[in-house]
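Every number for a ligand or one of its atoms is a count from 1 in the order of the listing. Predicted, not measured: the structure shown is a model, and the values here were computed from it.
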Amino acid sequence: MERAFFSIMIEISTISDASICSAVNRLREGNLVAFPTETVYGLGADATNASAVAEIFVAKQRPEFNPLISHVASVNAAFELGVETPIATSLANAFWPGPLTLILQRRAKCSVTLLATAGLDKIGIRVPAHNGTQLLLRAFGKPVAAPSANPSGQISPSTADHVIHGLGTNVGFVLDGGPCESGLESTIIDCTGQRARLLRPGGITREAVANALAAAGLDPKITIARALDDKTKPIAPGQLTSHYAPRATLRVAAQARRRGEEMIGFGKIHGAGKLQLNLSVSGNLIEAAANLFSMLHAADATSTKKIAIAPVPNTGLGEAINDRLHRAAAPRQDKGRNTI
Ligand code: TXA
Ligand code: MG
C-alpha cells in the first residue's frame, strides 16, 4: 500500500540494464539513488560532486556532517582514492569485494569531495560484493558516497520498502534488489596506524580480520575504537580527535573582517582577505555545505592565523554547518589544534 502510494513520486525499479542506466543518469545529474548492497541499502550520490553529497545530509537529516563511505567497484579503484598500507592490502585481498570498509589516508589527488569525508584527511572506502551494486558502480565509473539509506537515528534498511518507509520522497529513485543478504552494516577498520583499529563491528568478524592479518605476517592484534554513528552525537570537541583541525583560530558569526583575518562570507556578508571566499552568495545552504570544508582548508592554507566566518542560519543544513563550525571554534584542549 505504502509502496503503491509513493510509487507516484518515487521511481522504484528492480535491477536490470535499463534501471542501472537510469540510476547512473541520475547520479550523473547530481541526484540521489538508493541502492542495495550485501549489507544494507545505501543512499548514494556522486562522491565527487559536493552539492550532490550535501543532498544526502538533507535527505537523512543528519545533525552533523558525519563522514560517508565511498563505494567503488574494485580494489584498484579503492587505492586510487586512499593510500595503501600493508594492513589495508592484506584486508582488501582477504575481504574485498565484501562487507568491509577500510579507513585510509586520502591521496592528494583523491577525487572525492571533502564534504564526503567531513573535512578529514582520511577516507572510508568499500568495495561491495552485491551483484547489482557492482553493476551500478562499474556503469557509473566514479566513487559513490553512501550512508545507510535511513533517516538519521533510525535503523538501517534491508529492503527497498524500508527505504521508502523511512525516507519517503526524500529519495527520488530506489533500485530494488530484494532483501539484503546480511542486514548488518560493514565492519570498519582504520588501516592508517601501526595496528588495525576496529571502528565498527559488522559483517566480518574480528577473528576473521585477525586471521587475515596473521596470514599476511602482520600483527593480528586489533585496537578497539568507536565510530560515530547516527545515534552518537559527539559532545565535546576533543571527541573528534581525528577530525579536520584548522591551524588557524576560527571566529564564527562574524559580521565583518577584523585585521589579519581571512573572512569567509555567506549571502550578503562578503568574504574578505586574500581569497574573498563566500560559502554561498545566494544564501543557499546546500551550496554552503558543499563549500564548507574546501573553503576552510583553502583559508587555512593561507598564511593567516585567524579565520572569521559569517553567520549561517541554523535551519536545515545550517544546523550541521554550525555544529561543525562551533566545534572548530571551541577553545583548544591541547593548546594545539582545534577539532572539527
Ligand atoms: O554496510 C555499510 O557500511 C553501509 C553500506 C551502504 O555500505 N553503509 C553505512 O554507512 O553503514 P553509514 O554512513 O551509515 O556508516 C558509516 C560509518 C559512520 O560511522 C562514519 O562515521 C564512519 O563510517 N566513517 C566513514 N568515513 C570515515 C572516516 N573517514 N573516518 C572515520 N569514520 C568514518
Ligand atoms: Mg548508518
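Each of the following atoms of ligand 1 lies closer than 4.0 Å to a heavy atom of Leu120: 28 (C), 29 (N), 30 (N). Atoms of ligand 1 lying under 4.0 Å from at least one heavy atom of Pro147, given by number and element, are 10 (O), 12 (P), 13 (O). Residue His71 approaches ligand 1 through these ligand atoms, each under 4.0 Å from one of its heavy atoms: 5 (C), 6 (C), 7 (O). Near Ile123, meaning under 4.0 Å from one of its heavy atoms, ligand 1 places the atoms 29 (N). Applying the 4.0 Å criterion to heavy atoms of Asn66 picks out, from ligand 1, the atoms 20 (C), 21 (O). Below 4.0 Å from some heavy atom of Lys122 lie the following atoms of ligand 1, by number and element: 29 (N). Within ligand 1, counting atoms from 1 as listed, the ones closer than 4.0 Å to a heavy atom of Ile188 are 17 (C), 22 (C), 23 (O).
Taking distance alone, with nitrogen or oxygen atoms compared against 3.5 Å, Thr39 approaches ligand 1 more closely than that limit.
Residues Lys274 and Glu262 have side chains in contact (heavy-atom distance under 4.5 Å, counting atoms from C-beta outward).
Taking each of Thr101, Ile103, Val112, Leu68 in turn, the one with a heavy atom nearest to atom 31 (C) of ligand 1 proves to be Ile103.
Note: His71 and Phe35 have perpendicular aromatic rings, judged against thresholds of 30 and 60 degrees for the angle between ring planes.
Of all heavy-atom pairs spanning Leu114 and Ser294, the tightest one is CD1-CA, 3.9 Å.
By the salt bridge (charged side-chain N to carboxylate O under 4.0 Å, His left out) test, Arg195 pairs with Asp219, sequence neighbours left out. Shown here are the salt bridge (charged side-chain N to carboxylate O under 4.0 Å, His left out) partners of Glu185, two or more places apart in sequence or in another chain: there are none.
Checking side-chain atoms of His326 against main-chain N and O of Asn322 turns up a donor-acceptor pair under 3.5 Å.
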